[in-house]
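First comes the structure, then the notes that go with it.
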There are 2 protein chains.
Amino acid sequence: MTSKEITEETNNQGRIRQENRKRIMSAAEKVFSQNGFRGSTTASIAEEAGLPKANIHYYFGTKEELYRAVVDEIVDLWLSSFREIHEGDDPATTLADYIRAKMELSKSRPEASRVFANELIRGAPRIQSYLAGDLKKWVEQKSAILDKWIEQGKMAPVDTTRLIFHIWAMTQTWADFEVQWASVLGREDNRLEEQDFEQATNSIITTVLRNCGLLPLPERRTGV
Amino acid sequence: MTSKEITEETNNQGRIRQENRKRIMSAAEKVFSQNGFRGSTTASIAEEAGLPKANIHYYFGTKEELYRAVVDEIVDLWLSSFREIHEGDDPATTLADYIRAKMELSKSRPEASRVFANELIRGAPRIQSYLAGDLKKWVEQKSAILDKWIEQGKMAPVDTTRLIFHIWAMTQTWADFEVQWASVLGREDNRLEEQDFEQATNSIITTVLRNCGLLPLPERRTGV
DNA sequence: CCAAAACTTGACCATACGGTCAGTTATTCA
DNA sequence: TGAATAACTGACCGTATGGTCAAGTTTTGG
């Protein structure tokens, strides 16, 4: 929610409006995630929301406006999920926690992740300023702290910017491309299970911590 | 190209047909990658190809048919890029080579990668059989060989299936979400540069090899 | 050189789509 | 309770879209 009409956000004021906007945005997130902006129809969003089409336009004017509201909410969610990292923190714990938090998002909000992915694939016409602004700053800040940790000998030297990028790639793939991994793993209905997310989380944490010299290398088996 | 009408594939037979199909499919790949199936119009594909719209329908009947032709070609490309791995091969070299090959594809055919990504995000209605068939088999074969290497003490024990998934995630992110990384890196026109791909490739190789115990852990700096 | 086959395309059609609006019903609050 | 405000929605509109077609032009192969 970008700061707009916050006036009536509490205490029954515009209660119906709030509820219906939420309902419509939830339906829209689902439909947009499956068909992208151009491929989604206001009629199908209305159907998903269980409301007549004109109602959607009553609350959101145009399809573009509705889409922006959905994307803005997702961007806010993304940004708020970025924990603060401080110079004094423990690298291994911090990295593992961050990976867990991102995986939790992939599991709980896969549609949001896919709307975002759709937007990126299309060249991100609507979130350019977010990418080159808030997100860029966040990456620079975080990688600066990681670099400090390296200087202080708290972790091994790595390319910290790419480290962050690749953490995102590995965590988001489990939301965006769920069907691919579920199919390859032979899961029913092409949906991943609780346990798949846990196993993936562990695998990513291990990979990242080993890369940063924060986990001892496992012994190789002695040849059979 | 799925084996269809191979008869007229050489020697000027159907030369015009071949050339125009190629031209249209190339334009279609570009348009589909940006708008997905439902969001792409035959008119915009025609414009991109520099041909009248009716011409597209002359060669490909329906939009659906054209889309399938494009997706089939991409699936073939993907499958053919999977190098054979043999039990006797050297793990470090093999893994590094595979990562380089995948990154080469991300750099040279980003649109193809995005069409594929679009299809996955939508739940892969058209490539389900490929995912659960050829691709599943490929992953099982490859991870079996990696497991053998682990048994033989040639590399450290890791979750080989997730290893493969995460290599894909890290390599494809540079094609699918190029605009995100280019924006965060502050690149002009939001396009990645040659050097970005090299750096990313090195980072992924290092990450994977360290994870498998195939690269010595770098020394930590002694505290400042 | 010629006729058959392949290719080309402007004009057209039915449908789907985003969006509007006027008339109605439900809610709020003094 | 009543009047003002907010919410609701069926019917409608202009445009965009996928697809067709018939009339033409070009290419092919004997």
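Quick caveat, the model's predicted, so the values are computed rather than measured. Proteins get letters first, then strands, A, B, ... in listed order; numbering begins at 1 in each. Computed over heavy atoms, backbone and side chain alike; hydrogens, waters and symmetry mates excluded.
- Aromatic rings from W168(A) and W181(B) are positioned such that their centres are separated by under 6.0 Å.
- With dG19(C), dC7(C), dT9(D) as the choices, the nucleotide that has an atom nearest any side-chain atom of A54(A) turns out to be dT9(D).
- Between R23(A) atom CZ and dA7(D) atom P the separation is 14 Å, expressed in whole Å.
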TODO: Could you check R114(A) against N118(A) for side chain to side chain donor-acceptor pair (under 3.5 Å), going step by step and ending with a plain yes or no?
DONE: CA-CA 6 Å; R114(A) 286 181 201 133; N118(A) 250 314; over 6 Å; no
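- Among the protein residues, S44(A) comes within range of no part of the nucleic acid, since none of its heavy atoms lies under 4.0 Å from any strand.
- The side chain of T41(A) sits closest to dC17(C) out of dT20(D), dC7(C), dC17(C).
- In this structure, K63(B) atom NZ and dT15(C) atom P are separated by 18 Å, rounded to whole Å.
- Listed pair Y58(B) / dC7(C) meets the phosphate criterion, a side-chain N or O lying under 4.0 Å from OP1 or OP2.
- Dashed line: the shortest gap from a side-chain N or O of R17(B) to OP1 or OP2 of dC7(C) is under 4.0 Å.
- E47(A) has its CD atom 15 Å from the C1' atom of dC17(C), to the nearest Å.
- Rounded to an integer number of Å, the gap from I16(A) CD1 to dA7(D) C1' is 7 Å.
- Between the side chain of K53(B) and the base of dG18(D), at least one donor-acceptor pair of N or O atoms lies under 3.5 Å.
- Heavy-atom nearest nucleotides on DNA chain D were determined for N55(A) and for R38(A), and the one closer to the 5' end corresponds to N55(A).
- Put simply, T42(B) has no side-chain N or O that comes within less than 4.0 Å of OP1 or OP2 on dT17(D).
- Following rounding to the nearest Å, R15(A) (CZ) and dA26(C) (C1') show an atom-to-atom distance of 12 Å.
- Of the two residues near DNA chain D, E64(B) and I56(A), the one whose nearest nucleotide lies more 5' is I56(A).
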